[in-house]
Amino acid sequence: MNESLPTFRKEKQAIWRFAVVGVGNTAVDFAVFFLLTAAGVPAAAAQVGSYGAGVANSYVWNRRWTFQMKQRANIGELLRFLAVNGLSLGVSLVVLLAAERLGPLWLAKGVATVMGMAVNFIGSRCWVFAAPRSER
């Protein structure tokens, strides 16, 4: 039990840091999304563009600060990151399009964002930035 306490604390810290990075990314996402939709861009296209605006920032901050990767970045990690973010985008897009029919656009966007973030954290923690097997 005592050995699991540091692991729990580390995971709790990673979730908190992921949330902080996510708030910054979400602010960029929302700003770009609503600027694009105000300019007449359809919601689905605006979602793709706004989501993309936060991805590069997300990679740097989550890699260095949230998951504190020590080894150098590599193409495999970047491709996994892009795959997880693509899946997260797909989930958020499906949720946005479904929720948009049920309520106001801001609420649909919020629900889509939360669902996308859940997919993103799980994929990032378990696959993209997972500790090498020698460190587990």
Side-chain angles (χ1 to χ4, degrees):
M1 176 86 175
N2 290 337
E3 292 177 12
S4 63
L5 191 56
T7 301
F8 173 75
R9 286 184 181 148
K10 186 176 180 180
E11 286 304 310
K12 187 176 165 183
Q13 185 178 50
I15 291 169
W16 179 83
R17 288 179 176 190
F18 187 84
V20 170
V21 171
V23 167
N25 294 335
T26 301
V28 169
D29 180 13
F30 272 63
V32 172
F33 178 81
F34 286 107
L35 285 171
L36 290 173
T37 55
V41 176
Q47 175 70 4
V48 173
S50 67
Y51 188 86
V55 168
N57 182 61
S58 174
Y59 179 74
V60 171
W61 281 102
N62 281 317
R63 181 176 208 292
R64 291 185 182 196
W65 188 56
T66 304
F67 300 111
Q68 301 178 350
M69 300 301 291
K70 304 283 189 242
Q71 63 272 33
R72 293 183 64 127
N74 60 61
I75 191 68
E77 179 185 273
L78 180 60
L79 291 174
R80 289 189 304 273
F81 177 80
L82 293 173
V84 166
N85 276 274
L87 178 62
S88 179
L89 172 61
V91 167
S92 68
L93 189 55
V94 167
V95 172
L96 176 74
L97 293 173
E100 181 179 37
R101 296 179 181 164
L102 302 175
L105 185 59
W106 65 267
L107 183 58
K109 175 64 173 162
V111 172
T113 299
V114 169
M115 296 302 293
M117 286 177 73
V119 169
N120 200 315
F121 180 81
I122 293 166
S124 292
R125 168 41 87 210
C126 297
W127 191 42
V128 178
F129 302 117
R133 290 176 191 223
S134 62
E135 295 178 20
R136 290 184 197 165

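Because the structure is predicted, anything quoted here is derived from the model rather than measured.
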Shortest non-hydrogen contact from T37 to A43?
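Closest approach of T37 to A43: CG2-CA, 4.2 Å.
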What closest approach, in Å, do G116 and S92 show between heavy atoms, and which atom pair accounts for it?
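Nearest pair, atom of G116 first, then S92: CA-CB, 4.4 Å.
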Between L105 and F34, is the side-chain contact (heavy atoms from CB on, under 4.5 Å) condition met? List the steps.
CA-CA 10 Å; L105 185 59; F34 286 107; 4.3 Å; yes
For the hydrophobic clusters of this structure (ILVMFWY residues joined by side-chain heavy atoms under 4.5 Å, transitively), does one cluster hold both [X] and [Y]?
X	Y	result
V20	W61	yes
F67	I15	yes
L87	M115	yes
F121	W127	yes
M69	V55	yes

State whether the side chain of S58 and the backbone N or O of G54 hold a donor-acceptor pair below 3.5 Å, judged by distance alone.
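Answer holds: no.
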Which other residues end up in the same hydrophobic cluster as V41, if Ile, Leu, Val, Met, Phe, Trp and Tyr are linked when side-chain heavy atoms come under 4.5 Å apart?
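Its cluster partners, ordered by chain and number, are V28, V32, L36.
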Please enumerate all residues that pass ring-ring contact (aromatic ring centres under 6.0 Å, His included) together with W16, with sequence neighbours excluded.
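Checked W16 against ring-ring contact (aromatic ring centres under 6.0 Å, His included); matches are W65.
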Heavy atoms, side chains only, cut-off 4.5 Å: are [X] and [Y] in contact?
X	Y	answer
F129	V84	no
N85	Y59	no
F18	N62	yes

Looking at [atom1] of [X] and [atom2] of [Y], how far apart are the two atoms once the value is rounded to the nearest 0.5 Å?
X	Y	atom1	atom2	answer
F81	N120	CZ	CG	6.5 Å
M117	S124	CE	OG	10.5 Å
S88	L82	OG	CG	12.0 Å

What pairs of residues pass the side-chain hydrogen bond (donor to acceptor under 3.5 Å, both in side chains) test when at least one of them lies in residues 109-118, not counting sequence neighbours?
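Passing the test, one end in residues 109-118: D29-K109, Q47-K109.
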Got a sec, which residues hit salt bridge (Lys or Arg N to Asp or Glu O under 4.0 Å) with E77, two or more places apart in sequence or on another chain?
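Scan of E77 (salt bridge (Lys or Arg N to Asp or Glu O under 4.0 Å), adjacent residues dropped) gives R63.
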Salt bridge (charged side-chain N to carboxylate O under 4.0 Å, His left out) partners of residues 95-108, not counting sequence neighbours, each pair once:
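Those involving residues 95-108 do not exist here.
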Any pair with a residue in residues 30-49 that passes salt bridge (charged side-chain N to carboxylate O under 4.0 Å, His left out), sequence neighbours left out, goes on the list, sorted by first then second residue, please.
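Residue pairs with at least one partner in residues 30-49: there are none.
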